[in-house]
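Read through the structure below, which is laid out as structure tokens, and then see the notes.
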Number of protein chains: 2
Amino acid sequence: MTAAPAESPAPVPGAPSGSARERILETAFALFYARGLRAVGIDTIIAESGVAKATFYKYFPSKDDLILTYLDKVDGVWTGQLHAAAASAGEDPADQLVGLFDALYSSCQREGYRGCAFINAAAESAPGTAIHTRTVAHKQAVLAWLETLAARAGAAQPGQLARSLSLLLDGGLASGALDADPAAAEAARATAALLVQQSTRRPSAG
Amino acid sequence: MTAAPAESPAPVPGAPSGSARERILETAFALFYARGLRAVGIDTIIAESGVAKATFYKYFPSKDDLILTYLDKVDGVWTGQLHAAAASAGEDPADQLVGLFDALYSSCQREGYRGCAFINAAAESAPGTAIHTRTVAHKQAVLAWLETLAARAGAAQPGQLARSLSLLLDGGLASGALDADPAAAEAARATAALLVQQSTRRPSAG
DNA sequence: GCCCCAGTAGACAGACTTGTCTTGTATGAT
DNA sequence: ATCATACAAGACAAGTCTGTCTACTGGGGC
């Protein structure tokens, strides 16, 4: 799952932006997310990033290599947003489990939002492929993170709670791409709050 | 969202199955779902269904027409499974709201499960396209159905409950394609039960 | 006998795909 | 001055894609 690219796509060919490799990756980041993996050809990426074909193939031996690097980048960005949203909810892990849904909300609000890059990538790749495997790894990483948070929040069944929150997150990510209604993200957060409260009745609370 | 095709894909070319149109649609149903919309070419569908190219284009003027018909068929199948699962949970709308998640469970269990055909189709189509619009319509239809069920179950906020259940359903559909773990579908059902119970405290219950 | 219809088989056009390879240019180190 | 590096520009191969078109075949109605 991810958000739309936060940086400018830098479509200006002559602009002295970063290295050729960086420009390629930025262009791929914007294009792959916006249009899909198969819909974007190498030639388009090359033209859009103002790079020679030989240069492209120097840094990325194949399109799949570029896609894998793209997924790594998306992972970094999205995980960062998730952690930041959780952190800004305070010290309490229970609050963090709810607060992380703010990342979902702001992602869905973003112009050009087109759902979770990983779910989308999985839809375009066959099971067993490196790309598909990469998406599975990402999902499991998020689930594991959710579970440690749930455990620290003192949930009775951290695995169970993490699973439910992950479902809510994925559902919000997926459906946010279809109806732009922010009500979905809000509902996800509200439901998460209910689940967390239900699972982690702390002694101080009634 | 949908399930894997329940019927045999009928890959035998010489077999005297139904009309040419039917054969094409059945082949497309299996292939599009298993491999994705863009990954399957017209030639593959033609070869697999043992049909001449002219015959194909007689029934489906373009590939997009076939895809749209495919989505209609998926809609019928999945909606049928959803309604059947709900109905077999009994008369009580509250029970039905939980029981419908059995359709999710059995879909995820099915060999060759590859997630929700509509989410996948949305990942492969640009917003505004007929295909993308079709997926949005499907999602809204499911949400509307959930809402009438929630209202009949006496939920305090039927829209809210329907939204949450839809999130859970989409999340289960999407993540079920990544990790084959049936725990996700079970967690979705359990969470749904909790939400329904929470939202529809009937006077007879404590 | 004759014609229409549904179908098969497959050549073909034109565009698009990934990936390789050649040629030329600019810059910075030695 | 020379040489390595990094890069642009683009021709090219070999394959894919969708969609059109021609040529042929078998069966039912008249």
task: With heavy atoms under 4.0 Å as the rule, sort Y59(A) into base, sugar-phosphate or nothing.
output: sugar-phosphate
task: Using whole Å, report how far CG of D43(B) lies from P of dT20(D).
output: 14 Å
message: Looking only at the side chain of Y57(A) (C-beta and beyond, no hydrogens), which of the listed nucleotides dA8(D), dT20(D), dT18(C) gets closest?
response: dT18(C)
- prompt: Rounding to a whole Å, what distance do you find between L37(B):CG and dC17(D):P?
  reply: 14 Å
message: On DNA chain C, does the nearest nucleotide to T55(B) precede the nearest nucleotide to I42(A) from the 5' side, or the other way round? Give the residue.
response: T55(B)
task: Just jot down the ring-ring contact (aromatic ring centres under 6.0 Å, His included) partners of F60(B), sequence neighbours excluded, or say none.
output: F56(B)
message: Without decimals, in angstroms, what is the distance between K58(B) NZ and dT20(D) C1'?
response: 16 Å
field: Sequence neighbours excluded, every pair satisfying side chain to side chain donor-acceptor pair (under 3.5 Å) that has a member inside residues 34-43 of chain B
entry: D43(B)-K53(B)
message: Please find the pair of heavy atoms, one from A155(B) and one from L161(B), that lie closest to each other, and give the distance.
response: CB-CD2, 3.8 Å
statement: Rounded to whole Å, the CZ-P distance (F56(A) to dA9(D)) equals 16 Å
- prompt: For the pair made of CZ in R21(B) and P in dG7(C), what is the distance, rounded to whole Å?
  reply: 11 Å
message: Taking 4.0 Å as the cut-off, does a side-chain nitrogen or oxygen of R38(B) come that near to OP1 or OP2 on dT18(D)?
response: no
Contact nearer the 5' end of DNA chain D, comparing V51(A) with V40(B): V51(A)
K53(B) NZ to dT16(D) P, straight-line distance once rounded to whole Å: 13 Å
- line: Sorted by chain and residue number, the ring-ring contact (aromatic ring centres under 6.0 Å, His included) partners of F32(B) (sequence neighbours excluded) come out as Y70(B)
For nucleotides 22-24 of chain C, print each protein N/O atom paired with a nucleotide N/O atom at under 3.5 Å, atom names and distance only.
none

query: Which whole-number value in Å describes the distance from D64(A) CG to dT17(C) P?
result: 16 Å
query: Atom CD1 of I67(A) to atom C1' of dT17(C): distance rounded to whole Å?
result: 13 Å
task: Return the set of residues passing ring-ring contact (aromatic ring centres under 6.0 Å, His included) with Y105(B) (not counting sequence neighbours), or none when no residue passes.
output: none
statement: From the list L31(B), T27(B), I67(B), side-chain contact (heavy atoms from CB on, under 4.5 Å) partner of V40(B) resolves to L31(B)
field: Nearest-neighbour nucleotide for the A20(B) side chain, dG19(D), dC7(D), dG7(C) considered
entry: dG7(C)
- request: Using salt bridge (charged side-chain N to carboxylate O under 4.0 Å, His left out) as the criterion, list what pairs up with R189(A), not counting sequence neighbours.
  value: D102(A)
